[in-house]
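Following: one structure in structure tokens, then a few remarks.
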Amino acid sequence: MQENLVIVESPAKAKTIEKFLGKGFVVTSSMGHIRDLEKKDFGIDIANKFKPRYIVSPDKKKVVTELKKLAKDANMVWLASDEDREGEAIAWHLKEVLKLKPENTKRIVFHEITKDAITSAVKNPRTIDNNLVDAQQARRVLDRIVGFEVSPVLWKKVKPSLSAGRVQSVAVRLIVEREREIRKFNSESAFRVTGFFKMNDASGKTTELKAELSERFKTEEEANAFLEKCKTAEFTVADVAKRPGKRSPAPPFTTSTLQQEASRKLGFSVSQTMAVAQKLYESGKITYMRTDSVNLSGLAINTSKQKIEELHGENYVKIRKYKTKAKGAQEAHEAIRPTYMSNETVAGTNQEQRLYELIWKRTIASQMADAKLEKTTVSISISNTKEKFVATGEVIIFDGFLRVYIESTDEESNNGQALKGQAIIPPIKTNDKLKLAQIQATERFSQRPARYTEASLVKRLEELGIGRPSTYAPTITTIQNRNYVVKEERQGVERKYKVLVLKDNAISKETKTEITGAEKNKLSPTDIGIVVNDFLVDNFDQIMDYNFTAKVEAEFDSIAEGKKVWTEMLESFYQPFHKKVEDALEHAERSNGERLLGKDPKTGKPVFVKVGRYGPLAQIGEVSQEEGAEKPRFASLRGGLNIETITLEEALDLFKLPRDLGEYENKKVTVAIGRFGPYIRHDSKFVSLGKEYDPYTVELDVAIELIEAKREKDRKAIIRIFDEEPDLRVLNGRWGPYISYKKKNYKIPKTTKAEELSLEDCMKIIKEAPEPKSRRRGRKK
DNA sequence: CAGTGAGCGAGCTTCCGCTTGACTT
């Protein structure tokens, strides 16, 4: 008989805690939630006060059986799930499923995994907070209602298998609206003027002072006129202002800030960051990685202080307590930090080491002194005009935390620039006359809004209080898997800009080119994402409101405080919501984003674009009921074409393929573009066209060459064939030799030599091959 | 691997949050 059984959520946590508690305590884990609403038949009895039907999740059956056994053998069960809404619900579900009696059950909480925190938690047990549990039930039931009532509307009115939800649909909306802003954006240019003045620095060496003009000029003429004036002008220092400044370190990492910085500094995707962090957590190197808290344990602060003193000295230490600003934060855990601050680095994969180092530096820096700066502003007057040049410099007087860690911003990673260099202003005083070296007037264009990265989308969602640390990464994956959003690399385009230079009393003009709009790993909506979003905004404005989550969160809070009954809150939400669902089912028109582009000049028939069953398409002519009427022609949209932006000409181009090139060996040769790029088709075989040929202009002779080359390559790939069994071939493929038999492929054991395989050997391999399991969920057919 | 875009229409799809494995071509 075990005396005490402690149940936490995570197995890694269980291991650590067991050490702290010592004899008489067995610590195990529930692996998160153990029960959920049944998926079949909605899982909620709406008519009966939203009564939920909970079932043990299929993948938790084993855990639950194990827990039941352990609980039976224990005198006292300590429910130690997290101290937040979800954690309280887990404790309650455990109590229900394990049929725990009140006299043998205690509820304890701690938000840091330190010996002190655990022992004091054990000394202060409480009972399950039913109000908090009800708040969780309200959250869970509301999400099910929204997801499972709105998604079917989409199946009927847009396309089968689509999805909608409180979190994902708003995430998509952010991306759609940003894309529309970008499409609407008109770039304007203006001339930015920079002056360079010759000076001597402190040691007497010649140096340059760089200053920006306070104004920009809209046109080349204005810029030119200004430069003309400067030819005869005198430049005088009008004012030198020095003021102290400081910079403070960023707070320790939460899930969202870790994702952002790992994206900016290490180039990790959001899910990559979480996978690497999970490994660090499991091997005991960092604290829990799904958290919204910036709080550090007293232990962590003390050891950080020691480490800073050891490395940089006492004057670099500044103990700080950070407050969480995030909306709806529940702070069940500490911030993400190294378990042992004394370890500056850890063993592990390259990615693990880099992420750990980032976490270590951020944590250390958060307890370090401010950086002290001196900012200098010099204004330079021009004798014959009222504009002024302004030079700014920043000198670090005391580096403080900057020694260890500087937080990045999204703008930097946009242009791939490192932190701005610190400009040092040479010794200078008011009324000094300055000697002009040159003045440049450079045409600059206003920047369109930036597309979201995965990490900047997480940041925005967190600001809106939408989603939780455990769901940021999955949500970002979901909206990409559903094909609402794609992560793309964009080639920039060349843009010309003008530069006017005044030097040696003469003005010269030059046109330069720059690359603009190049992007990597930015999110943009697909056509289907846009159609779904617009449909939802039109029909479910409440759900799509950016403040919807914040509003219901406030209600969940009052349920948690016992001021509101959860079923009543749901009732008042459900009545108007369900009416909208019925309205939409009954009245909303089918939505496919259809857009009329114009008329086909050859036939006079209308040309459309829309989202079809297999994705976006262009269409010439309409389906007609008349006898013998011509069918419409269809072509898929590809190659960066969008329903909202495609032109008539671009649409008509799509119909130029497939092209007939003629005949070879009495069989037709055609060229087209497929899912994997342009290809030639001949004798029901496909040959990839490759990048060097253009499918719109390629000729028959080139096609024949490529067909022959492919044949030669296929011949070489054959390792063995057998006359008795023509269906069976041993081939050399991308991953080495394999057996091909009746359109299925089979692996050859590494120990056998492919060239020596007999027909019997092959048949044996085929027979013994395991049934291929489809590992992807929800694959079609 | 790569075309489709009408047709009978059965049966299925779908949410958010909490947590880890077991899968390979």
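In the text below, chain A, chain B and the rest are named by the order of the sequence lines, each starting its count at 1. Since this is a predicted model, take the numbers as computed values, not measurements.
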Checking side-chain polar atoms at under 3.5 Å, does [X] have a donor or acceptor matched by the opposite partner on [Y]?
{"X": "A/Glu88", "Y": "A/Ser81", "value": "no"}
{"X": "A/Gln168", "Y": "A/Ser163", "value": "yes"}
{"X": "A/Glu454", "Y": "A/Gln480", "value": "yes"}
{"X": "A/Thr478", "Y": "A/Tyr484", "value": "no"}

Counting only side-chain nitrogens and oxygens, does [X] get under 4.0 Å of the OP1 or OP2 atom of [N]?
{"X": "A/Ser163", "N": "B/dC15", "value": "yes"}
{"X": "A/Ser470", "N": "B/dC18", "value": "yes"}
{"X": "A/Gln168", "N": "B/dC16", "value": "yes"}
{"X": "A/Arg482", "N": "B/dT14", "value": "yes"}
{"X": "A/Ser161", "N": "B/dT13", "value": "no"}

In whole angstrom, give the distance that lies between atom [atom1] of [X] and atom [atom2] of [N].
{"X": "A/Lys159", "N": "B/dT13", "atom1": "NZ", "atom2": "C1'", "value": "12 Å"}
{"X": "A/Leu570", "N": "B/dC15", "atom1": "CG", "atom2": "C1'", "value": "14 Å"}
{"X": "A/Arg85", "N": "B/dC16", "atom1": "CZ", "atom2": "C1'", "value": "11 Å"}
{"X": "A/Gln137", "N": "B/dC18", "atom1": "CD", "atom2": "C1'", "value": "15 Å"}
{"X": "A/Ile34", "N": "B/dG17", "atom1": "CD1", "atom2": "C1'", "value": "15 Å"}
{"X": "A/Asp36", "N": "B/dT14", "atom1": "CG", "atom2": "P", "value": "15 Å"}
{"X": "A/Ile479", "N": "B/dC16", "atom1": "CD1", "atom2": "P", "value": "11 Å"}
{"X": "A/Lys156", "N": "B/dC12", "atom1": "NZ", "atom2": "P", "value": "19 Å"}

Test log, rule salt bridge (charged side-chain N to carboxylate O under 4.0 Å, His left out), inputs A/Arg290 and A/Asp82: CA-CA 12 Å; A/Arg290 291 186 273 262; A/Asp82 296 346; over 6 Å; no
side-chain hydrogen bond (donor to acceptor under 3.5 Å, both in side chains) partner of A/Glu86, chosen from A/Arg468, A/Arg139, A/Gln330: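 Single pass found, and it is A/Arg139.
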Side chain of A/Phe686: nearest nucleotide among B/dA2, B/dT14, B/dC15?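 That would be B/dA2.
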Closest listed nucleotide, where the reference is the side chain of A/His333 and the choices are B/dT14, B/dT19, B/dA2: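 Selected nucleotide (nearest to the side chain): B/dT19.
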Should A/Lys551 and A/Asp545 be marked as a salt bridge (charged side-chain N to carboxylate O under 4.0 Å, His left out) after you check the CA-CA gap, both sets of side-chain angles, and the distance that decides it? CA-CA 10 Å; A/Lys551 281 179 196 155; A/Asp545 186 336; 3.6 Å; yes
In whole Å, what separates the C1' atom of B/dG9 from that of B/dT13?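 Straight-line distance between the two C1' atoms is 16 Å.
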Extract the stems that DNA chain B is part of, considering only consecutive pairing runs of at least three Watson-Crick or G-U wobble pairs, both distances under 3.5 Å.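 Stems found: none.
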For a quick check of understanding: with a heavy-atom distance under 4.0 Å over all strands, which category does [X] fall into, base, sugar-phosphate or nothing?
{"X": "A/Arg468", "answer": "sugar-phosphate"}
{"X": "A/Arg140", "answer": "base"}
{"X": "A/Ala89", "answer": "nothing"}
{"X": "A/Gly165", "answer": "sugar-phosphate"}
{"X": "A/Val146", "answer": "nothing"}
{"X": "A/Gly87", "answer": "nothing"}
{"X": "A/Leu162", "answer": "sugar-phosphate"}
{"X": "A/Gln619", "answer": "nothing"}

Of A/Arg140, A/Arg53, A/Lys60, which meets salt bridge (Lys or Arg N to Asp or Glu O under 4.0 Å) against A/Asp36?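 Single salt bridge (Lys or Arg N to Asp or Glu O under 4.0 Å) partner of A/Asp36 among A/Arg140, A/Arg53, A/Lys60: A/Arg140.
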Hey, mind stepping through A/Asp600 and A/Lys605 against salt bridge (charged side-chain N to carboxylate O under 4.0 Å, His left out) and telling me if it holds? CA-CA 5 Å; A/Asp600 176 21; A/Lys605 288 181 179 173; over 6 Å; no
Measure from NZ or CZ of A/Arg173 to the centre of the six-membered ring of A/Tyr546 and say whether it is under 6.0 Å with the direction within 45° of the ring axis.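 Yes, A/Arg173 and A/Tyr546 form such a contact.
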A/Phe148 six-ring face occupied by A/Arg144 cation (under 6.0 Å, within 45°):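 Pair A/Arg144/A/Phe148 counts as cation-pi.
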Start with the C-alpha gap between A/Arg35 and A/Ser57, add the side-chain angles, then the distance that decides, and say whether side chain to side chain donor-acceptor pair (under 3.5 Å) holds. CA-CA 5 Å; A/Arg35 283 206 303 191; A/Ser57 317; over 6 Å; no
Output one line per pair: protein atom, nucleotide atom from nucleotides 4-6 of chain B, and distance, for all N/O pairs under 3.5 Å.
residue : atom : partner  : partner atom : Å
B/dT4   : O2   : A/Tyr614 : OH           : 3.3
B/dG5   : O6   : A/Ser636 : OG           : 2.4
B/dG5   : N2   : A/Arg613 : N            : 3.0
B/dG5   : N2   : A/Tyr614 : N            : 2.4
B/dG5   : N2   : A/Gly615 : N            : 3.2
B/dG5   : N2   : A/Gly615 : O            : 3.2

Heavy-atom count check: over 12 atoms from other residues, nucleotides or ligands less than 6.0 Å from A/His93 NE2?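 Above 12, so yes.
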Please check this pair: side chain of A/Arg107 against backbone of A/Leu79, looking for a donor-acceptor N/O pair closer than 3.5 Å.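 Judged by distance alone, yes, a pair lies under 3.5 Å.
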If you measure from the ring centre of A/Phe148 to the centre of the six-membered ring in the base of B/dC15, is it under 5.5 Å, with the planes under 30° apart?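 Given the distance and angle limits, no, they do not stack.
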Would you tabulate the nitrogen or oxygen pairs shorter than 3.5 Å linking the protein to nucleotides 20-22 of chain B?
residue : atom : partner  : partner atom : Å
B/dT20  : OP1  : A/Ser10  : OG           : 2.7
B/dT20  : OP2  : A/Gln278 : NE2          : 3.2
B/dT20  : OP2  : A/Arg290 : NH2          : 2.8

